[in-house]
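Below you'll find the structure, written out as structure tokens, and then a few comments.
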Amino acid sequence: MKRLRQRLGWKLFISYLIVILVGVVSLTVTAEIHTPTAIDRHTAQMVDMMGSNMGMMTDLSESFTRAVNEVLLVAASLAFVTAVLVSTFVTRRIVRPIQEMTVASRRIADGRYDERVRLIGEDELAELAQSFNQMAHTLAQTEERRRQLVGDVAHELRTPLSSIRSVMEGLQDNVLPADPTTFLDVQREVSRLQRIVHDLEELSRAEAGQITLQREVKRPAEFIQLAMDRLRPQYGDKEVALTLDLDRDLPLVLVDVARMTQVIINLLGNALQYTPTGGEVTINGWADAGKVMIAVRDTGIGLTAEHLAHIFERFYRVDKSRSRAGGGSGIGLTISKHLVEAHNGRITATSPGLNQGSTFTVTLPIAGKEF
Ligand code: ADP
């Protein structure tokens, strides 16, 4: 049994009792002080009218005092019963939901994130219950994402690891020749593992908001050119045309050049990966309403509305097998989004539909208008 001091129900009941007690005491004291004077005044008037009878007057005074005390006793008993009833009711209304929340929060602490409390009424307690349920919902989502992340990471690592393992077994059993092609296979898988680990590190830093930017005022053309130079050979190999079309006198932006180059490389890399030979990728740049827009348009496989809603989520790949074959892990766009947002910018994707190309647009504030 909990100590009384620790019980809200008892505290409420005792507070009612105190109010009643104070009421009764003050009424009694007032009655004690005022009753004799009042009776004396009235009896004096009666004596004036009816003549003196001292014995009757004393009797009258005593019975009046007794009557007042009786009335006070009855009233106090009634008030006591009312206090019991009201405190029981209020305890039910207030203490029960709080107890429910206590039990639910303990269950949540034990990892049962589906726990919810009932919403009764519309008062502050109902509001508290609603916030509680919302918190439980968010916790459940976070836990789900964490679980998914661990599963996805394990899955990502398994494929290159099992490739390496089978090559090693082939070498040991002399099924595979120990020649440069075999070693190149292993090296490719190792590079893929390194890329995944690197991306994961980047992702966790980005999600923790730990990316430090070394911002400088730059022309957008600068980092766009750097990214284009890096990918031009791959574009040449696949025979996809790469064109730059920036408005003249594009305003300056305050950016970390290395990070923005990384974003454009990611967009150009994706555009190349999802655009067949003979296709085109164009980078447009223009300014509007205090912002600079950089759009990477491709004539590739495009995206459906359903996929567009998810592509910035981590590990989301439209076609898992195809993207995996191309080395994609579904993290690139998530990192890009974090990087652009760290620059107070936005990144969006549009596509008219499958096989109709896609456009990824980065919006950055013009230097001096970041906030
Ligand atoms: P990945 O490393 O798998 O490319 P991203 O995060 O960069 O991961 O992209 C997520 C998914 O978005 C890709 O798997 C792909 O399905 C889709 N996607 C990205 N860019 C394009 C594009 N230009 N055209 C069509 N689909 C794209």
Side-chain angles (χ1 to χ4, degrees), residues 145 148-149 151-160 188-189 191-207 211 224 227-228 230-231 234-235 238-244 259-284 293-342 346-362:
R145 251 182 260 143
Q148 210 172 355
L149 174 72
D152 284 338
V153 170
H155 191 72
E156 287 304 317
L157 298 179
R158 193 181 304 124
T159 320
R188 203 176 304 124
E189 295 303 333
S191 304
R192 198 162 140 193
L193 281 172
Q194 276 178 325
R195 201 168 45 232
I196 295 170
V197 171
H198 172 264
D199 280 358
L200 283 170
E201 279 171 346
E202 276 277 290
L203 179 68
S204 91
R205 260 200 300 273
E207 290 193 335
I211 289 184
I224 296 175
M228 285 176 75
R230 180 83 79 79
L231 285 177
Q234 282 98 309
Y235 271 77
K238 199 175 171 183
E239 290 173 20
V240 171
L242 179 58
T243 327
L244 178 63
R259 294 306 196 175
M260 280 318 295
T261 310
Q262 186 184 343
V263 170
I264 306 296
I265 288 178
N266 174 231
L267 297 183
L268 287 181
N270 280 347
L272 177 65
Q273 188 174 346
Y274 302 108
T275 302
T277 296
E280 277 171 48
V281 174
T282 318
I283 305 181
N284 289 108
M293 265 66 77
I294 301 158
V296 176
R297 292 175 215 279
D298 64 56
T299 54
I301 60 169
L303 286 151
T304 60
E306 187 209 329
H307 293 136
L308 279 170
H310 297 287
I311 48 168
F312 292 103
E313 289 170 14
R314 58 159 117 99
F315 297 111
Y316 187 83
R317 284 182 305 234
V318 172
D319 178 343
K320 302 198 187 258
S321 56
R322 181 188 57 211
S323 182
R324 196 189 296 277
S329 55
I331 306 180
L333 284 178
T334 317
I335 296 174
S336 290
K337 182 168 186 276
H338 280 289
L339 290 178
V340 172
E341 285 173 359
R346 257 161 53 81
I347 182 165
T348 51
T350 52
S351 172
L354 279 186
N355 297 318
Q356 296 179 62
S358 354
T359 303
F360 285 77
T361 310
V362 173

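As the structure lists them, so they are numbered: ligands from 1, and atoms in each ligand from 1. We use all heavy atoms of the structure for the numbers below, so side chains are in, but hydrogens, waters and symmetry mates are not.
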For [X] and ligand 1, does the shortest N/O to N/O distance drop below 3.5 Å?
X	value
Gln273	no
Asp298	yes
Leu333	yes

Atom indices of ligand 1, in the order listed, that fall short of 4.0 Å to a heavy atom of [X]:
X	answer
Asn266	7 (O)
Gly302	25 (C)
Leu303	25 (C), 26 (N)
Ser358	22 (C), 23 (N), 24 (N), 25 (C)

| task | Search all heavy atoms of Gly302 against all heavy atoms of Ser351 and return the closest pair with its distance. | result |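 For Gly302 and Ser351, the tightest heavy-atom pair comes out as CA-OG, 3.6 Å.
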| request: Work out which heavy atom in Ile331 is nearest to a heavy atom in Leu200; give both atom names and the distance. | output: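 Heavy atoms only, the tightest pair is CD1-CD2, 4.0 Å.
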| Does ligand 1 have any atom that is closer than 4.0 Å to a heavy atom of Gly330? |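 Yes; Gly330 lies near enough to ligand 1 that a heavy-atom distance drops under 4.0 Å.
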| field | contact_flag Ser351 ligand 1 heavy-atom lt 4.0 Å | value |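 It does not; every heavy atom stays at 4.0 Å or beyond.
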| query | Is any side-chain N of the basic residue among Lys337 and Glu341 closer than 4.0 Å to the acidic one's carboxylate O? | reply |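 Glu341 and Lys337: salt-bridged.
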| said: Please classify the Ile331 to ligand 1 contact at 4.0 Å (heavy-atom distances, strictly less than): side chain, backbone, both or neither. | reply: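 Within the 4.0 Å criterion, Ile331 contacts ligand 1 through backbone atoms alone.
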| ligand 1-proximal atoms of Phe312, by part, heavy-atom distance under 4.0 Å |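 Answer for Phe312: neither.
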| request: Determine whether Thr350 and Thr361 make a side-chain contact, defined as any pair of heavy atoms from C-beta on separated by less than 4.5 Å. | output: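 The answer is no; the side chains never approach within 4.5 Å.
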| message | What's the separation between atom CD in Glu202 and atom CZ in Arg259, rounded to the nearest 0.5 Å? | response |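 Separation between the atoms: 4.5 Å.
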| Could you state the interatomic distance from CG (Leu272) to OH (Tyr235), rounded to the nearest 0.5 Å? |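 Rounded to the nearest 0.5 Å, the CG-OH separation comes out at 5.0 Å.
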| task | Anything under 30° is parallel, anything over 60° is perpendicular, the rest tilted; go ahead and classify Phe360 against Phe312. | result |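 Plane angle over 60°, so perpendicular.
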| Under the 3.5 angstrom rule, does the side chain of Lys238 hit a backbone N or O of Gly279 as a donor-acceptor pair? |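 Not confirmed, Lys238 side chain does not pair with Gly279 backbone.
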